[in-house]
Amino acid sequence: MSLRPERVLIDRATIQAKVAEMARAIEARHRHPEPLLVVSVLRGAVIFAADLMRELNLALSVEFVAVESYGSSTRSSGAVNITRDVTEDLDGRHVLLVEDIVDTGLTLRYLISHLKGKNPASLEVAVLLDKVARRQIEVKVDYTGFVIPDAFVVGYGLDYAGLYRNLPDVMVLGESAS
Ligand code: 5GP
């Protein structure tokens, strides 16, 4: 038995509509004159971040932070390591952290505290997918796309063993006989 994308959980049209809705909510809260600094988490959030940025009618620039979380291929252990930090100075900036999915909350908590340490003027968090039922620690998310059940998902930037990030829909991984 091997693990493969088995069924569509959220199709591309539903994702696009939600991304546009999230962009409107972000625009409504960002009325200050300074540009927004989008910090996208590598690698899973890049497709979401690219779509979200194109929807945002705001002056913005983009930065990337890469994290590695230890654990099995479908369960993170919560131990997080930053493998690539932002290079711009965050001091006094309005930052929007963009993440693909929040599960236990450990990765996001680590990232929020890491970025807060760089003294931004504001820090908000946008997450496409939220597995609320799996949360181990409370974490502040300002903009949530979809609350999803406890299933391992791939596509729209999310991978399994490095694959399936290019699928346009969010799909549930399941066992197939081959
Ligand atoms: P947390 O620290 O909240 O438990 O996990 C967050 C990280 O685990 C995400 O950034 C993502 O890399 C990974 N993750 C959690 N659930 C899933 C899932 O269903 N699919 C994929 N591809 N990654 C997940």
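In listed order, ligands and their atoms are each counted from 1. Computed from a prediction, not measured in an experiment: that's the story for all the values here. One-based numbering along the sequence shown.
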Checklist entry - Between Asp159 (side chain) and Tyr164 (backbone), is there a donor-acceptor pair under 3.5 Å? => result no
Checklist entry - Of the choices Thr107, Asp150, Val67, which has the non-hydrogen atom that lies closest to atom 2 (O) of ligand 1? => result Thr107
Checklist entry - Should the proximity of Arg134 to ligand 1, defined as any heavy atom under 4.0 Å, be assigned to the side chain, the backbone, both, or neither? => result neither
Next on the checklist: Could you tell me, atom by atom, which parts of ligand 1 come under 4.0 Å of a heavy atom of Thr104?
Outcome noted: 1 (P), 2 (O), 3 (O), 4 (O)
Next on the checklist: Is a donor from one side chain sitting under 3.5 angstrom from an acceptor on the other, for Glu175 and Ser2?
Outcome noted: no
Next on the checklist: Quick check against the 3.5 Å criterion: does Asp169 have a side-chain atom that pairs as donor or acceptor with the backbone of Met171?
Outcome noted: no
Next on the checklist: Tyr160 versus ligand 1: do any nitrogen or oxygen atoms come within less than 3.5 Å of each other?
Outcome noted: no
Checklist entry - Of Ile101, Leu173, Ile47, which meets side-chain contact (heavy atoms from CB on, under 4.5 Å) against Leu158? => result Ile101
Item to check | His94 versus Glu124, side-chain donor and acceptor atoms under 3.5 Å | outcome: no
Checklist entry - Under 4.0 Å from any heavy atom of Ala151, which atoms of ligand 1 are there? => result 19 (O)
Checklist entry - Within the side chain of Thr104, is there an N or O that forms a donor-acceptor pair under 3.5 Å with the backbone of Leu106? => result yes
Item to check | Which residues share a side-chain hydrogen bond (donor to acceptor under 3.5 Å, both in side chains) with Gln16, sequence neighbours left out | outcome: Asp51
Checklist entry - With a 4.0 Å heavy-atom cut-off (strictly under), which part of Glu99 contacts ligand 1: side chain, backbone, both or neither? => result side chain
Item to check | Sub-3.5 Å N/O-N/O distance, Leu158 and ligand 1 | outcome: no
Next on the checklist: Tell me whether Gln136 reaches ligand 1 (any heavy atom closer than 4.0 angstrom to a ligand atom).
Outcome noted: no
Checklist outcome for this item: atom 13 (C) of ligand 1: of Asp100, Ile101, Asp103, the nearest heavy atom sits on Ile101
Next on the checklist: Within ligand 1, which atoms have a heavy atom of Asp159 less than 4.0 Å away?
Outcome noted: 21 (C), 22 (N)
Checklist entry - Has ligand 1 got any nitrogen or oxygen that is less than 3.5 angstrom from a nitrogen or oxygen of Gly105? => result yes
Checklist entry - In ligand 1, which numbered atoms sit nearer than 4.0 Å to a non-hydrogen atom of Lys131? => result 16 (N), 17 (C), 18 (C), 19 (O)
Next on the checklist: Main chain of Gly157, side chain of Arg165: is a donor-acceptor contact present, judged purely on distance under 3.5 Å?
Outcome noted: yes
